[in-house]
2 protein chains.
Amino acid sequence: MNIYDIAAEAGTSISTVSRVLNNKGNVNPKIRDRVEAVLKKYDYKPSAIARGMVSKTMKNIAILTVDVRVTHYARMIYVIEQEFSNLGYNVSVCNTGGSIQECNRYFEILSEKQTDGIVLIGSVFNELIKYPEITAKIKDTPVVIANGQVKLPNFYSVLVDDTKAIRMASDYMFDHGRMDLFYVFDIATDSGRAKRQGFLEAMKLRDVPDGNDRVPEDIAITGCNNSPDSRICEPELATLDNKPELLGGMCASLLRDRMEGKESATSVAIQPELVVRGSASF
Amino acid sequence: MNIYDIAAEAGTSISTVSRVLNNKGNVNPKIRDRVEAVLKKYDYKPSAIARGMVSKTMKNIAILTVDVRVTHYARMIYVIEQEFSNLGYNVSVCNTGGSIQECNRYFEILSEKQTDGIVLIGSVFNELIKYPEITAKIKDTPVVIANGQVKLPNFYSVLVDDTKAIRMASDYMFDHGRMDLFYVFDIATDSGRAKRQGFLEAMKLRDVPDGNDRVPEDIAITGCNNSPDSRICEPELATLDNKPELLGGMCASLLRDRMEGKESATSVAIQPELVVRGSASF
DNA sequence: TTGAAAGCGATACCAG
DNA sequence: CTGGTATCGCTTTCAA
């Protein structure tokens with residue numbers, strides 16, 4: 001079912017159907033009604049690909065990030081997706097793992113698909129400036145780097161002043177008489193270095209005593225999902241691992257089978273596993 | 001620069017260039033070399049849109065989820081993206097917020113774009129069975145639901161046995177003499193109900209005393225990112241809010257400006273904010 | 001082995 | 001206001 005079929009059934013030309021589809025030009029109300037009736041009858045939606053052929057855009061943007069599982073990145077991705085979704089765009093997410101080669105691979109595909117814009121999340125992408133042959137691949141696509149900067153005509157930046165941030169925190173500590181500060185350095189990105197440069201930061205985690213109940217002796221706890229959070233307390237939380245990676249992997253291979261027309265199960269089940277840890281170890 | 005230009009410069013026809021591009025048919029090595037030289041000279045990449053026009057696929061899949069910021073979902077998205085990325089697909093992420101109307105909106109766009117497959121993450125999507133006019137929009141697209149099930153010809157499922165999971169945990173508690181169990185019910189999805197149905201679960205969080213240092217009296221702490229994690233301990237962690245939502249939003253609007261050809265700043269800076277909480281309140 | 005030509009499904013210009 | 005036609009850039013027959 002294409003625009004020709006619609007035109008034929010409505011007894012008019014594809015030009016007129018196109019006008020109705022796009023609310024363009026003046027169309028005789030009678031004919032318009034006829035066309036709209038056919039459109040509704042088949043719940044017709046024009047092919048975005050054919051349209052893209054003419055307009056040179058598929059209304060797609062892409063976000064490249066080291067890893068969507070990092071909550072900090074996910075929060076940004078969420079906002080960007082919502083914003084563009086409201087504009088009729090789709091947002092594809094690319095996990096590069098911080099590898100320039102992966103980045104290169106994505107750039108190739110994205111440029112072939114005429115992606116309308118790219119957002120790079122994380123200062124790791126500052127590395128790109130060293131690889132002109134890679135950035136050349138997307139030289140006609142607007143690129144925004146979150147918390148990074150690459151001096152190229154099509155690159156734009158949104159920067160967070162990390163140095164100032166840590167400086168503020170350190171000052172605050174010193175001003176309150178905390179002279180023995182620790183700074184835990186996480187990764188050697190530009191952002192990480194900027195933070196360290198902010199001077200010093202006090203970090204050390206200890207529990208505050210509260211009441212006399214002990215875990216697990218007096219109170220035992222188990223939770224769900226085996227999230228990383230379950231290991232950040234003392235004692236560690238026992239939890240149910242419902243295997244999101246496995247689940248995701250199964251979804252992917254099931255979908256792949258379907259897309260290839262392969263025979264496959266309609267539904268697959270996963271057995272969760274109980275992970276015993278300190279909060280419930282007897 | 002298109003396939004005609006390449007053909008012209010290589011002194012051959014577009015058919016032959018197409019053959020070289022796709023490693024198809026037999027091509028005279030001499031001509032092949034000539035074509036490849038031109039291809040390399042311009043670092044030519046064929047238009048995926050034009051190709052899609054013929055092949056009816058853009059090698060794109062979509063993941064619909066309530067919210068990519070939920071770590072549990074992000075972990076699944078990561079795996080799915082990696083899997084399909086290796087196959088040359090792009091994966092777009094859609095945050096529906098659990099709204100069927102949003103879901104409907106996405107389905108419309110995805111079907112116009114001839115998306116090759118859809119993954120639905122979360123049992124909220126079970127609701128879809130009540131809206132045949134919505135599922136009809138993607139009736140020719142394979143759909144996989146993670147932890148959900150909709151009885152339709154093109155829908156497939158990967159299920160987690162939530163009831164059994166909670167049952168295991170409860171049994172484990174009871175078997176160890178914990179008779180006073182609490183179960184904290186989170187949301188009224190099918191998955192949530194399945195878990196509750198698993199019987200009872202003990203949950204209650206308390207700290208274990210350890211050492212005599214007190215926070216913030218003896219040790220003061222500040223961290224980075226203002227992540228939700230910073231509020232799950234007692235006292236709450238002071239933190240630096242570097243405003244990922246704002247950052248994401250700025251990225252989006254900057255990118256949008258660029259895509260519309262609007263004049264705009266090349267780079268924008270955000271000032272982080274110190275959030276004082278219990279772990280560092282003096 | 002090669003190339004001419006017919007689609008693919010829209011948009012847009014230009015006559016009428 | 002309407003419709004014929006060129007066009008977008010590729011893949012795929014079909015002859016030669």
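Heavy-atom basis, side chains included; hydrogens, waters and symmetry copies ignored. So you know, we letter chains A, B, ... as the sequences are listed, proteins then strands, and number each from 1.
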task = Go through the structure and list residues passing side chain to side chain donor-acceptor pair (under 3.5 Å) with B:Thr57, not counting sequence neighbours.
result =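 Only B:Asp116 meet the side chain to side chain donor-acceptor pair (under 3.5 Å) criterion with B:Thr57.
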key: Counterpart residues, side chain to side chain donor-acceptor pair (under 3.5 Å), relative to B:Asp67 (two or more places apart)   =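 B:Asp67 satisfies side chain to side chain donor-acceptor pair (under 3.5 Å) with B:Arg69 once adjacent residues are dropped.
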key: Set of residues satisfying side chain to side chain contact (heavy atoms under 4.5 Å, CB included) with respect to A:Val124, sequence neighbours excluded   =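 So A:Val124 forms a side chain to side chain contact (heavy atoms under 4.5 Å, CB included) with A:Val66, A:Thr189.
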Would you list the pairs meeting salt bridge (charged side-chain N to carboxylate O under 4.0 Å, His left out) in which at least one residue belongs to [range], sequence neighbours left out?
{"range": "residues 118-127 of chain B", "result": "B:Glu127-B:Lys130"}
{"range": "residues 12-31 of chain B", "result": "none"}
{"range": "residues 93-105 of chain B", "result": "B:Glu102-B:Arg105"}

Between atom [atom1] in [X] and atom [atom2] in [N], what is the gap in whole Å?
{"X": "A:Met1", "N": "C:dG9", "atom1": "CE", "atom2": "C1'", "answer": "13 Å"}
{"X": "B:Ile3", "N": "C:dA5", "atom1": "CD1", "atom2": "P", "answer": "17 Å"}
{"X": "A:Lys24", "N": "C:dT11", "atom1": "NZ", "atom2": "P", "answer": "7 Å"}
{"X": "B:Leu21", "N": "D:dG9", "atom1": "CG", "atom2": "P", "answer": "14 Å"}
{"X": "A:Arg32", "N": "D:dG3", "atom1": "CZ", "atom2": "P", "answer": "14 Å"}
{"X": "B:Ile6", "N": "D:dC10", "atom1": "CD1", "atom2": "C1'", "answer": "13 Å"}
{"X": "A:Lys113", "N": "D:dG9", "atom1": "NZ", "atom2": "P", "answer": "19 Å"}

Donor-acceptor contacts, no H, no angles, side chain residues 34-45 of chain B, under 3.5 Å, sequence neighbours left out:
unit_1: B:Arg34; atom_1: NE; unit_2: B:Ala10; atom_2: O; d: 3.0
unit_1: B:Arg34; atom_1: NH2; unit_2: B:Ala10; atom_2: O; d: 3.1
unit_1: B:Arg34; atom_1: NH2; unit_2: B:Gly11; atom_2: O; d: 3.4
unit_1: B:Lys41; atom_1: NZ; unit_2: B:Glu9; atom_2: OE2; d: 2.7
unit_1: B:Tyr42; atom_1: OH; unit_2: B:Glu9; atom_2: OE1; d: 2.8
unit_1: B:Tyr42; atom_1: OH; unit_2: B:Glu9; atom_2: OE2; d: 3.1
unit_1: B:Asp43; atom_1: OD1; unit_2: B:Lys45; atom_2: NZ; d: 3.4
unit_1: B:Tyr44; atom_1: OH; unit_2: B:Ile3; atom_2: N; d: 3.3

message = Under 4.0 Å from OP1 or OP2 of C:dT11: is there any side-chain N or O of A:Ser18 that close?
response =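 Indeed, a polar side-chain atom of A:Ser18 lies that close.
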ask   = Within the pair B:Asn2 and D:dC8, is there a side-chain N or O less than 4.0 Å away from OP1 or OP2?
value =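 Checking B:Asn2 against D:dC8: no side-chain N or O falls below 4.0 Å of OP1 or OP2.
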query = Do the side chain of B:Tyr4 and the base of D:dC10 come within less than 3.5 angstrom through a donor-acceptor pair of N or O atoms?
reply =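 Looking at the base of D:dC10, it does pair with a donor or acceptor on the side chain of B:Tyr4 (distance under 3.5 Å).
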inquiry  = Using a 4.0 Å cut-off on heavy atoms, which residues in residues 39-59 of chain B reach DNA chain C? List them by number, or say none.
reply    =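 Residues of residues 39-59 of chain B that come under 4.0 Å of DNA chain C are, in numerical order, B:Met53, B:Val54, B:Lys56.
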task = Scan residues 9-17 of chain B against DNA chain C and write down, sorted by residue number, each residue with any heavy atom closer than 4.0 Å; if none is found, say none.
result =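 Residues of residues 9-17 of chain B that come under 4.0 Å of DNA chain C are, in numerical order, B:Thr12, B:Ser13, B:Ser15, B:Thr16.
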ask   = Could you state the interatomic distance from CD1 (B:Ile118) to SG (B:Cys103), rounded to the nearest 0.5 Å?
value =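 Atom-to-atom, B:Ile118:CD1 and B:Cys103:SG are 8.0 Å apart.
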query = Between CG of B:Leu64 and OG of B:Ser92, what distance do you get to the nearest 0.5 Å?
reply =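 B:Leu64 CG to B:Ser92 OG: 8.5 Å, rounded to 0.5 Å.
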message = Would the distance check show the side chain of A:Asn126 and the main-chain N or O of A:Gln149 forming a donor-acceptor pair, the cut-off being under 3.5 Å?
response =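 Checked: pair present.
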Quick test: give all pairs of protein nitrogen or oxygen and nucleotides 14-16 of chain C nitrogen or oxygen below 3.5 Å, distance rounded to 0.1 Å.
none

List, one per line, each side-chain donor-acceptor pair under 3.5 Å for residues 134-146 of chain A, sequence neighbours excluded.
unit_1: A:Thr135; atom_1: OG1; unit_2: A:Pro132; atom_2: O; d: 3.2
unit_1: A:Lys137; atom_1: NZ; unit_2: A:Asn104; atom_2: OD1; d: 3.0
unit_1: A:Lys137; atom_1: NZ; unit_2: A:Glu108; atom_2: OE2; d: 2.7

